[in-house]
Amino acid sequence: MSVDPATEDVLHRRIPEEATRLIDAASGRAIHLRMTGSLAVRMHSQDHAPLLDALGRRRFRDIDFWGYAKEQKQIEQLLEQDGYLADPTIKQMHEWGVKRLIYEHPETHIKIDVFMDELVMAHTIHFKGRLDLDFPTIGLADLLLSKLQIHQITDNDLIDTIVLVAEHEVGS
């Protein structure tokens, strides 16, 4: 997605607040919705967050969440009541077993991905039953694993991984 610098700057500033607001709204409805991706890395790495920018980490462009498939209807209602529009292509893919939601807000242009029960990339991370391990993000181990399992890792994923490992003690 090509984004002009002014729009990218607005998105970067708005996205953390919007993600937190949506997590709080979901929590108020007893919906399990947790941040993942670059937002979660930044939240888990307060001391080393300046490294993200210094190493050239791309600015926020979207919000990634994990949620439970059994709460999919409630998540859809939450987002749609806030004015987010579902990607019609991904809705059709649910018939093929795709467990993912994609939404975009027509005014703010904030895009949201919600992975349901599992993250299917190079490897599958099954997280059903594990979203209560941390709040408002996914658990630290799942966050690191989600970065390490990428088949064609990007510079941004490498930067996220470096910062996560620098921030936290690695045990046995």
Taking all atoms of both residues into account, what is the closest heavy-atom pair of Ala49 and Arg42, and its distance?
-> O-NH1, 3.8 Å

Using 30° and 60° as the class limits, which term best fits the ring planes of His105 and Tyr84: parallel, tilted or perpendicular?
-> perpendicular

Would you kindly confirm whether Ile125 and Leu143 end up in one hydrophobic cluster when ILVMFWY residues are joined by side chain heavy atoms under 4.5 Å apart?
-> yes

Cationic N near anionic O, under 4.0 Å, Asp132 to Arg34 = yes

If you take all heavy atoms of Ala26 and Leu78, which pair is closest and at what distance?
-> CB-CD2, 3.9 Å

For atom CG of Asp155, is the number of surrounding heavy atoms from other residues, nucleotides or ligands below 6.0 Å larger than 12?
-> no

Point-to-point distance, once rounded to the nearest 0.5 Å, from CG of Asp142 to CG of Leu133 = 7.0 Å

Just by modelled atom types, is the His48 backbone N or O under 3.5 Å from a matching donor or acceptor in the Glu167 side chain?
-> yes

Would you check if His168 and His44 make a side-chain contact, meaning some heavy-atom pair closer than 4.5 Å?
-> yes

Does the side chain of Ile110 reach to within under 4.5 Å of the side chain of Glu104, using non-hydrogen atoms?
-> no

Sidechain N-carboxylate O distance under 4.0 Å for Lys111, Asp113 = yes

What do the steps show when you test Val170 against Val165 for side chain to side chain contact (heavy atoms under 4.5 Å, CB included), and what is the final call?
-> CA-CA 7 Å; Val170 179; Val165 172; 4.0 Å; yes

Any side-chain heavy-atom pair from Pro106 and Leu85 closer than 4.5 angstrom?
-> yes

Following the transitive rule for hydrophobic clusters with a side-chain heavy-atom cut-off under 4.5 Å over Ile, Leu, Val, Met, Phe, Trp and Tyr, establish whether Met43 and Leu140 coincide in one cluster.
-> no

According to a 4.5 Å side-chain heavy-atom criterion applied to Ile, Leu, Val, Met, Phe, Trp and Tyr, with indirect links allowed, do Ile90 and Phe115 form part of one hydrophobic cluster?
-> no

Say whether, by atom type as modelled, one donor and one acceptor occur between the side chain of Tyr103 and the main chain of Val114 under 3.5 angstrom.
-> no

Please check if Ile63 and Ile31 belong to a single hydrophobic cluster, counting links between Ile, Leu, Val, Met, Phe, Trp and Tyr side chain heavy atoms closer than 4.5 Å.
-> yes

Are Ile159 and Leu39 co-members of a hydrophobic cluster defined by side-chain heavy atoms under 4.5 Å apart?
-> no

Between CE of Met35 and CG of Asp134, what distance do you get to the nearest 0.5 Å?
-> 10.0 Å

Donor-acceptor pair, side chain of His12 and main chain of Phe60, under 3.5 angstrom = yes

Short side-chain to backbone donor-acceptor contact, Asn156 and Arg58, under 3.5 Å | yes

Hey, what do you get for CD1 (Ile153) to CG (Leu148), rounding to the nearest 0.5 Å?
-> 6.5 Å

Which atoms form the tightest heavy-atom contact between Leu119 and Phe127, and what is the distance?
-> N-CE2, 3.7 Å

How many angstroms lie between atom CG of Leu33 and atom CG of Leu131, to the nearest 0.5 angstrom?
-> 8.5 Å

Are Lys128 and Glu118 close enough that some pair of their side-chain heavy atoms sits under 4.5 Å apart?
-> no

Between Ser27 and Asp24, does any side-chain donor sit less than 3.5 Å from a side-chain acceptor?
-> no

Give a yes or no on whether the backbone of His32 and the side-chain of Glu71 come within a donor-acceptor separation of less than 3.5 Å.
-> yes

Taking all atoms of both residues into account, what is the closest heavy-atom pair of Ser45 and Val163, and its distance?
-> CB-CG1, 3.5 Å

Identify the two heavy atoms, one from Ile15 and one from Asp62, that lie closest to each other, and give their separation to 0.1 Å.
-> CD1-N, 3.4 Å

Under the side chain to side chain contact (heavy atoms under 4.5 Å, CB included) rule, what do Arg14 and Thr108 come out as? Steps first, then yes or no, please.
-> CA-CA 9 Å; Arg14 267 189 165 157; Thr108 65; 3.5 Å; yes

Heavy atoms, side chains only, cut-off 4.5 Å: are Met116 and Ile75 in contact?
-> yes

Test item: Thr161 side-chain N/O and Asp157 main-chain N/O as donor-acceptor pair under 3.5 Å = yes

Between Lys147 and Leu145, is any pair of side-chain heavy atoms under 4.5 Å apart?
-> no

Where Ile138 and Trp66 come nearest, the two heavy atoms and their spacing | CG2-CE3, 3.3 Å

Out of curiosity, Asp117 CG to Thr124 OG1, how far, rounded to the nearest 0.5 Å?
-> 12.0 Å

Calculate, to the nearest 0.5 Å, the distance between atoms CG and CG belonging to Leu22 and Asp82 respectively.
-> 5.5 Å

Give a yes or no on this: more than 12 heavy atoms of other residues, nucleotides or ligands lie within 6.0 Å of atom CZ of Arg130.
-> yes

Evaluation steps, side chain to side chain contact (heavy atoms under 4.5 Å, CB included), between Phe65 and Leu101 = CA-CA 10 Å; Phe65 290 121; Leu101 304 174; over 6 Å; no

